[in-house]
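All ligand and atom numbering here is 1-based and tracks the order in the structure.
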Amino acid sequence: MKENPFLISGYISPDYFCDRENETKMVTEAIRNRRHLTIFSPRRIGKTGLIRHVFYTARQKKYFLPVYTDILATSSLKEFTECFGRSVLSAIATSESGLKKILKKLASLRPKISIDPVTGEPSVSITVNNKKEAVDSLEIIFRYIQEHRKHFAIAIDEFQQVAAYPEKNVEAVLRTHIQQTSNVSLIFSGSRKHILTGIFSTPDKPFYNSTQMMEIGKITRESYKSFIIEKFKNNSFETESSAVDLILEITSVHTFYVQYLCNRLFSLNVKVDNEVVNKMLFRIITENEAVYASYITLLTPLHFRLLRAIAINGGIQNPTSSEFLSTYDLGAASSVALAIKSLTEKEFITSIDGSYSLNDQFFNSWLKYKGGSF
Ligand SMILES: Nc1ncnc2c1ncn2[C@@H]1O[C@H](COP(=O)(O)OP(=O)(O)OP(=O)(O)O)[C@@H](O)[C@H]1O
Ligand SMILES: [Mg+2]
């Protein structure tokens, strides 16, 4: 069986990665100039992939020591510290011959070492029992970073999560350490734009104006088209140019959905033409029907009608215009404005280049199909 070149999770190597040349340069340049960065974009556009790509290259060139940590599954300062500590200490342990040094110098953190059965690399975990221990442990970890001569680039993915912790001083605690540690560049990343801008662009917040804000947009249509054609061609599959255009049309060039559709098409092992693409789309949305039905139970009737209207309309710049409201029978502009806010916060929709559209491109297709315009 041929190896599928279209990844739908994780990162392997530049071979599987489309474009992002400018973004890669921008992130690398910010780190090498010791600036902190906040990367944000709607869900599944490719923030994590970009960070992984930058770190992959950096690891080979040894520009800096990359540390990646994902805090999505954390719900308190204690859990943050365990997650952050594990990522930082494991990265140091992997890059340093003297594992014993960590055990000795950081004995107060009670580090536990295990060996990853797949990579054979050491992983160092710490246990934190309460908030006081968390604050002390962070102090020790940042001091340990400062003692190294290496430059660290530490990515904290899904950073908006800290806004949901019960402790309200997490940002202030982190900000103090970051200011005192000169050999570290932080990359904060996440998809909840209003929470991230709340953290980084509100004057009375600790992180106000302390990072370079970087919004990640979509990969260009031309780049993605060449990438898709090349990957199919390298595996001796034919693709019709108009079928690749159709893939990009259906998915609105939204990274995950492009990857997913191409991944499924690749596994069919046939020539890719318009009919094959349409059939596959139909199969995907039929498979997902139960998921869409559960989305709908989360929505009020107005939210549902508004989402369907946005899908059928192919996005909307001004959702409270009288023309849009009357065409789709949406009622009062004030209620629609509130619904737009709520659907944005729930990440059902997003505003890109001044136009609102659905995040989930397959749900978008399903709504269009159910609305009769598939
Ligand atoms: N430049 C790229 N080329 C090819 N595939 C990519 C690229 N960037 C990301 N991907 C793939 O697209 C999918 C979504 O990307 P990723 O997880 O990086 O998005 P994200 O913005 O971090 O999403 P989330 O907000 O949900 O965390 C992943 O399967 C990833 O492998
Ligand atoms: Mg991500």
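In this structure, atom 6 (C) of ligand 1 lies nearest to the protein heavy atom Thr255 CG2, 3.6 Å. Scanning the protein heavy atoms around atom 15 (O) of ligand 1, the nearest turns out to be Gly46 CA, 3.7 Å. Atom 21 (O) of ligand 1 has Lys47 NZ, 2.7 Å as its closest protein atom, hydrogens excluded (heavy atom only). Considering only non-hydrogen protein atoms, atom 23 (O) of ligand 1 sits nearest to Arg44 N, 2.9 Å.
Contacts with ligand 1 closer than 4.0 Å are made by side-chain heavy atoms of Gln259 only, the backbone lying farther away. Within the 4.0 Å heavy-atom criterion, the part of Glu158 lying near ligand 1 is the side chain and not the backbone. Heavy atoms of Ile219 found under 4.0 angstrom from ligand 1 belong exclusively to the side chain. Within the 4.0 Å heavy-atom criterion, the part of Tyr16 lying near ligand 1 is the backbone and not the side chain.
Using a 4.0 Å cut-off to heavy atoms of Ile8, the atoms of ligand 1 that qualify are 29 (O).
Annotation: cation-pi pair Arg308/Tyr328 absent, no NZ/CZ under 6.0 Å from the ring centroid and within 45° of its normal. With Phe256 as the aromatic partner, Arg43 does not meet the cation-pi criteria of under 6.0 angstrom to the ring centre and within 45 degrees of the ring axis. Cation-pi check for Lys370 over Tyr292 is not met; the charged atom does not lie both under 6.0 angstrom from the ring centroid and within 45 degrees of its normal.
For atom 22 (O) of ligand 1, the candidate residues are Asp19, Thr24, Thr48; the nearest heavy-atom contact is made by Thr48. If you check each of Arg20, Arg43, Glu23, Glu21 against atom 24 (P) of ligand 1, the one with the closest non-hydrogen atom is Arg43.
Side-chain atoms of Gln259 and Tyr16 form no donor-acceptor pair, as typed in the model, at a separation below 3.5 Å. There is no side-chain donor-acceptor pair under 3.5 Å between Arg52 and Tyr56. For the residue pair Tyr224 / Asp19, no side-chain donor-acceptor distance below 3.5 Å is found, with atom types taken as modelled. Between the side chains of Ser137 and Glu133, not a single donor N or O lies within less than 3.5 Å of an accepting N or O.
Taking the six-membered ring for Trp and the full ring otherwise, the centers of Phe232 and Phe6 sit less than 6.0 Å from each other. Aromatic rings from Phe55 and Tyr11 are positioned such that their centres are separated by 6.0 Å or more. Proximity of the aromatic rings of Phe84 and Phe142 is defined here by a centroid distance below 6.0 angstrom, and this criterion is met.
Residue Cys18 has at least one nitrogen or oxygen atom sitting less than 3.5 Å from a nitrogen or oxygen atom of ligand 1, judged on distance alone. Polar contact check, Ile45 against ligand 1: a nitrogen or oxygen pair lies under 3.5 Å apart. At under 3.5 Å, a nitrogen or oxygen of Gly10, whether backbone or side chain, sits near a nitrogen or oxygen of ligand 1. For a threshold of 3.5 Å applied to N or O pairs, the pair formed by Gly49 and ligand 1 contains at least one separation below that value.
You'll find the side chain of Glu347 reaches within 4.5 Å of the side chain of Ser191, heavy atoms only.
Heavy-atom contacts from other residues, nucleotides or ligands closer than 6.0 Å to CD of Glu215 number more than 12.
Within the protein, the N, O or S atoms sitting under 2.8 Å from the Mg ion (ligand 2) are Thr48 OG1.
Note that CG of Asn234 and CD of Glu3 are 12.0 Å apart. Values are rounded to the nearest 0.5 Å.
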